[in-house]
Every structure is written in C-alpha cells, then in structure tokens.
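Right, one structure below, let's go through it.
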Amino acid sequence: PLPVRMALRNLLSTLGGHPYIGRRVLPAFLVARAFHATRGKQEARPQMRTYPGSNAPFTEKMEFVPKQDVLKCYRVMDEHGKVLVEGDVPKISQEQLLDVYRLMVTLNTMDTVLYDAQRQGRLSFYMTNYGEEAAQIGSAMALQPQDVIYGQYREAGVFLYRGYTVDDITAQCVANCNDRGKGRQMPVHYGSKDHNIQTISSPLGTQIPQAAGAGYALKLMKKDAICLAYFGDGAASEGDCQAAFNIAATRKAPTIFFCRNNGWAISTPTKEQYAGDGIAARGPAYGMHTVRVDGNDLFAVYNATTAARDLASRKQVPVLIEAMTYREGHHSTSDDSSRYRSTEEVDYWHQGANPITRVRLYLENKGLWDVDREKMARDESRKKVLKALTDAEREKKPPLRDLFEDVYDTMPWNLQEQKEELDEHLARYADKYPLDQHLAQLFDEEERRVSLHLCVAWMEHILPFPSHKKK
C-alpha cells in the first residue's frame with residue numbers, strides 16, 4: 001500500500017545518515033533486494049524461444065508424423081439425385097437449373113459430334129469433357145463476369161456457360177476466319193477477352209502460376225474480382241503448381257485453385273502420382289483454405305466455389321478446391337485409354353456416378369423433367385452442333401498475312417522480309433496451294449495500291465525530283 005511504501009522510504013532516508021548503516025548495511029540491503037527481484041522475474045519468464053521458420057512448440061518426445069487422416073468429400077446429393085440435406089440445395093430458380101441441365105446436355109452432345117468429326121478427318125485434334133460436366137459448369141455458375149479464368153484444356157463447359165457459343169468452338173476447332181485466335185492455335189485451345197477467359201496453353205501447368213500472379217495483380221489494383229485456375233491431378237505434379245501455391249499463399253493473392261482430380265494423367269493413375277491424400281492435403285501445408293468436393297455433384301461444386309469465391313474476395317486470400325471426378329473419355333483423340341484401363345471400369349463410373357444423369361434424376365424426382373423432354377433436348381442440341389460444324393467448315397480460312405501480325409506493334413524488318421518472301425513464293429507457285437480457301441491473299445489489290453502509294457511518297461521525300469519528271 002502507498003502509506004507503507006512512504007513510511008519505508010522515510011525510514012531508509014533517516015538510516016542513510018547513520019555513518020555505518022548508510023555506508024555498508026543499506027547499500028548491501030538494496031543490492032540484495034534488487035537481485036532477488038530480478039531473479040524472481042527471470043524464473044517467472046518461460047524459456048520458450050521459437051525459430052523464425054515455425055511457431056511449433058518444443059517437446060521432449062521424438063515422434064514422426066503419421067499419414068494424415070483422409071479429408072472428407074463434400075456432397076449435396078447422392079448418385080441417384082437424392083438430396084442429403086435439403087437446406088444445401090442452391091438458391092437458384094427452376095428456369096436457371098433447367099437451362100444449366102440443357103447446357104450440360106449440349107456439352108455432352110458437342111463432344112460426341114466433334115470427336116466423331118476428328119475420326120472422320122474433319123478436325124485435326126479434339127478433347128472431350130465426358131464425366132466432368134458438373135465440375136466445369138457448377139464452378140462457372142459461382143463466379144462473377146469480372147473474375148478472370150485460366151483454363152487447362154478440359155473446360156469447354158466453362159466457356160459455354162460464360163457465353164462462348166458452339167459456333168465459336170467449331171470455328172476455333174476448324175481454324176476458320178471467324179476463329180478468335182485467327183487459326184494459330186491447336187483445336188480446343190479457346191480463349192476470349194470478351195468473356196474474361198485467358199487463351200488455353202498447351203504446356204502443362206503454366207496457367208497455374210500465371211493465375212497466382214493475376215490474382216495478386218487484381219489485389220494490388222483493388223479490383224472487385226478474383227482469379228480462378230483450372231488444372232488436373234497430372235498438372236498438380238508439376239513444379240509450377242507448387243510455386244503457384246506458395247506465391248499465392250505468401251502474397252495473399254485472391255486466387256482459387258480448382259483441381260479436377262479425374263483419376264488419370266493421360267495413362268498415369270493417381271496412385272502413381274502421389275502417396276499422400278490427393279491434392280487437397282497440400283492446401284493446409286501452404287496455409288490455404290481448402291475443401292474437397294464431389295466433382296460429379298453440380299450442387300456441391302456450386303456451393304463450394306461460391307464459398308471459395310467469398311473467402312478469396314472478402315479476405316483476399318487463395319483457396320484450394322479439389323473436385324473429385326472421373327474422366328470417362330480418352331485423354332484426347334491421340335489417346336486410346338483401353339490400353340491402360342478396362343471398359344468395365346469406365347462403365348462403372350458412367351452408370352453409377354455420371355454428373356448429367358445425377359442432375360436428370362433430381363429434375364425427374366421434382367417433376368421438372370421426363371423422357372420426352374430428354375429426347376427433345378438431345379435432338380435439338382445435336383442439330384445445333386451439326387449445323388455449327390457444317391457452317392464452320394464452309395467458311396474460308398484466315399488470311400495468310402495473319403501469320404505475321406499481332407506480335408509486334410510495328411513489324412520488325414525480319415518479319416517484313418519473310419512476309420515479302422512468302423508473297424513472292426505464292427505469286428510464283430500459286431497453282432500449288434489452295435489459296436482460294438483463305439479469306440484473302442497475302443496482299444490484295446487495295447493493299448498493293450496503298451503500298452505503292454506509300455513507296456512513291458517515300459521516294460519523293462528523299463529524292464526531290466523535278467516537277468516535270470514526277471509522273
């Protein structure tokens with residue numbers, strides 16, 4: 001108490017004047033008092049120093065961490081279209097749900113038509129989306145138009161949901177003059193600035209770190225948007241994936257990493273790709289919010305992506321979604337999956353867990369769909385795709401000059417020389433090439449007239465001809 005402290009202070013002041021106490025006893029008392037006070041504080045303070053790399057507490061027991069528990073897989077309805085918890089059904093209208101189902105049917109029909117077209121020699125390459133329709137469209141439904149998407153190559157459903165039409169897809173696959181990529185990409189390598197979807201790239205996994213950087217850029221610019229990157233279990237084995245996870249987590253980039261774990265990386269099964277618990281187990285290790293979802297459940301994918309987008313946008317952090325699904329088709333038209341998996345395995349997944357069948361059963365249970373509507377939707381979608389393919393094949397190819405443009409703002413001298421060399425070659429051997437199939441020749445008559453005019457103007461500028469000789 002304050003009165004006691006004041007009394008002790010007065011007593012010490014009085015004793016300090018004593019010749020013996022003031023010079024010997026009192027200093028020794030004060031030193032001993034200070035020593036015991038410091039010693040008490042040191043003993044009370046715990047000796048717990050953690051290293052900068054981790055805040056892990058210390059232990060006297062050495063132990064190795066066992067294999068982690070398997071992360072659970074979130075779902076809303078079972079394989080028979082039966083909802084497990086009614087409150088988990090997304091709050092979307094019946095009209096929207098029916099439109100989404102028709103879109104899934106269209107995607108499935110388009111795959112069949114274009115795959116057959118490749119086998120007939122009408123396309124050079126194609127990749128189907130069989131079995132992964134819900135993972136694609138369910139995730140696309142949860143995003144906003146301003147969100148930036150980086151795809152891998154099996155996301156045609158995302159393009160269709162965002163407004164990229166069947167005509168756009170067939171134009172790209174046949175590489176005609178209506179192709180947004182001007183015929184300079186492989187088939188199925190779609191891209192659309194209007195729909196905020198980056199162009200598909202052939203090298204595996206390169207889009208994942210790009211998406212991490214794009215998400216960080218959106219954060220720096222304070223945009224009301226997030227970034228989402230699609231990739232497969234095979235791409236998750238690439239070093240690019242680990243770098244992307246780390247940079248997004250440390251920089252707090254609002255990026256959703258959406259892994260389509262379909263069981264196969266071309267011919268390599270997942271059991272030969274990793275020994276841990278899939279891809280989702282890596283998320284917590286990088287410090288990311290993570291969820292595993294039934295990728296064949298349209299409702300579950302939609303709910304998970306909606307929640308992930310809210311997290312990424314509100315907290316400005318990355319999120320990892322692992323959508324468990326199954327690739328029912330071949331990897332591509334260059335692959336024959338019957339060489340490394342049985343038809344019984346494919347039939348097992350198609351008959352028991354197909355995402356389109358699951359939504360159809362749900363609609364039938366609600367009285368919103370029947371056999372007649374199913375037949376009508378299949379017939380209409382097939383007619384639509386066949387017409388789009390036929391129309392695309394009738395269009396001319398892009399002009400040859402597109403080979404040299406869109407790379408530099410001003411065409412450098414070496415490309416200009418190559419362009420002139422090609423022009424000269426085609427002029428000499430025009431009968432050897434199907435130039436009539438292209439929209440225009442390398443230089444049409446108007447381009448030649450303008451080029452000649454510019455050439456004359458340039459010559460007059462550097463060579464001042466007399467006026468009577470200009471003609």
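Since the model is a prediction, treat every value here as computed from it, not as a measurement. Reckoned from all heavy atoms, side chains included, excluding hydrogens, waters and symmetry mates.
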(message) Measuring only between side-chain heavy atoms, which start at C-beta, is Ile279 closer than 4.5 Å to Arg282?
(response) yes
(request) Would you check if the side chain of Asp297 reaches a backbone N or O of Met77 as a donor-acceptor pair within less than 3.5 Å? (result) yes
(request) Might you work through the side chain to side chain donor-acceptor pair (under 3.5 Å) test for Asp194 and Ser192, ending with a clear yes or no? (result) CA-CA 5 Å; Asp194 295 337; Ser192 176; 4.9 Å; no
(message) Is it the case that atom CD in Gln68 sees more than 12 heavy atoms from other parts of the structure closer than 6.0 Å?
(response) no
(request) Decide yes or no on ring pair (Phe, Tyr, Trp, His ring centres under 6.0 Å) for Tyr164 and Tyr190, but give the supporting numbers first. (result) CA-CA 9 Å; Tyr164 198 82; Tyr190 318 114; 5.8 Å; yes
(request) Take Thr270 and Asp233, measure what side chain to side chain donor-acceptor pair (under 3.5 Å) needs, and give me the verdict at the end. (result) CA-CA 7 Å; Thr270 52; Asp233 47 276; over 6 Å; no
(message) So for atom CG, which belongs to Asp69, do other residues, nucleotides or ligands contribute more than 12 heavy atoms lying within a distance under 6.0 Å?
(response) no
(request) Check whether more than 12 heavy atoms from other residues, nucleotides or ligands sit under 6.0 Å from atom CZ of Arg162, and answer yes or no. (result) yes
(request) Show your working on side chain to side chain donor-acceptor pair (under 3.5 Å) between Tyr130 and Thr112 and close with a plain yes or no. (result) CA-CA 9 Å; Tyr130 296 140; Thr112 301; 2.9 Å; yes
(message) Under a 3.5 Å distance rule, please check whether Arg184 uses its side chain to pair with a backbone N or O of Asp402 as donor and acceptor.
(response) yes
(message) Do Leu204 and Gln152 have side chains that approach each other closer than 4.5 Å (heavy atoms only, starting at C-beta)?
(response) yes
(request) Could you please spell out the steps behind the side chain to side chain donor-acceptor pair (under 3.5 Å) verdict for Ser139 and Tyr230? (result) CA-CA 10 Å; Ser139 57; Tyr230 291 97; 2.6 Å; yes
(message) Could you go through Tyr362 and Leu97, starting from their C-alpha distance and side-chain angles, then the distance that decides it, and tell me whether this counts as side chain to side chain contact (heavy atoms under 4.5 Å, CB included)?
(response) CA-CA 11 Å; Tyr362 172 82; Leu97 182 57; 3.7 Å; yes
(message) Which residue in the set Glu322, Glu133, Glu132 passes salt bridge (Lys or Arg N to Asp or Glu O under 4.0 Å) when paired with Arg260?
(response) Glu132
(request) Spell out, as yes or no, whether a donor-acceptor pair under 3.5 Å connects the side chain of Arg327 to the backbone of Gly131. (result) no
(request) Indicate yes or no for a side-chain donor-acceptor contact from Thr357 to the backbone of Ala353 under 3.5 Å, with no hydrogens or angles considered. (result) no
(message) Tell me if a side-chain donor or acceptor on Thr250 pairs with a main-chain N or O of Asn246 at a distance below 3.5 Å.
(response) yes
(request) Please confirm whether the backbone N or O of Val174 pairs with a side-chain atom of Lys397, one donor and one acceptor, at under 3.5 Å? (result) yes
(message) Can you tell me how the ring of Trp264 sits relative to the ring of Tyr340, calling it parallel under 30°, perpendicular over 60° and tilted otherwise?
(response) tilted
(message) Please determine whether the number of non-hydrogen atoms from other residues, nucleotides or ligands lying under 6.0 Å from atom CD of Glu421 exceeds 12.
(response) no
(request) Take atom NZ of Lys182 as the centre, draw a 6.0 Å sphere, and report whether it contains more than 12 heavy atoms from other residues, nucleotides or ligands. (result) yes
(request) Determine whether Met411 and Gln418 make a side-chain contact, defined as any pair of heavy atoms from C-beta on separated by less than 4.5 Å. (result) no
(message) Does Val166 form a side chain to side chain contact (heavy atoms under 4.5 Å, CB included) with Leu160? I'd like the steps, not just the answer.
(response) CA-CA 7 Å; Val166 175; Leu160 289 175; 4.2 Å; yes
(message) Ignoring hydrogens, what is the shortest heavy-atom contact between Ser337 and His330? Give both atom names and the distance.
(response) OG-ND1, 2.8 Å
(request) Check the pair Tyr74, Asn303 against side chain to side chain contact (heavy atoms under 4.5 Å, CB included), reporting the backbone distance first and the verdict last. (result) CA-CA 10 Å; Tyr74 167 69; Asn303 287 348; 3.1 Å; yes
(message) Within a 6.0 Å radius of atom CZ on Arg339, are there more than 12 heavy atoms belonging to other residues, nucleotides or ligands?
(response) no
(request) Mark yes or no for whether Ser381, through its side chain, and Arg378, through its backbone, hold a donor-acceptor pair below 3.5 Å. (result) yes
(message) Arg75 vs Met324, test: side chain to side chain contact (heavy atoms under 4.5 Å, CB included). Steps then yes/no.
(response) CA-CA 10 Å; Arg75 63 163 37 174; Met324 310 306 294; over 6 Å; no
(request) Would you please classify the geometry between the Tyr326 ring and the Trp349 ring as parallel, tilted or perpendicular, with 30° and 60° separating the classes? (result) parallel
(request) Give a yes or no on whether the backbone of Gly81 and the side-chain of Arg358 come within a donor-acceptor separation of less than 3.5 Å. (result) no
(message) Does Glu417 have more than 12 heavy atoms from other residues, nucleotides or ligands lying within 6.0 Å of its CD?
(response) yes
(message) So, applying side chain to side chain contact (heavy atoms under 4.5 Å, CB included) with Thr170, which one of Thr390, Leu114, Thr165, Asn178 is it?
(response) Leu114
(message) Main chain of Gln146, side chain of Asn196: is a donor-acceptor contact present, judged purely on distance under 3.5 Å?
(response) yes
(request) Mark yes or no for whether Gln172, through its side chain, and Val188, through its backbone, hold a donor-acceptor pair below 3.5 Å. (result) yes
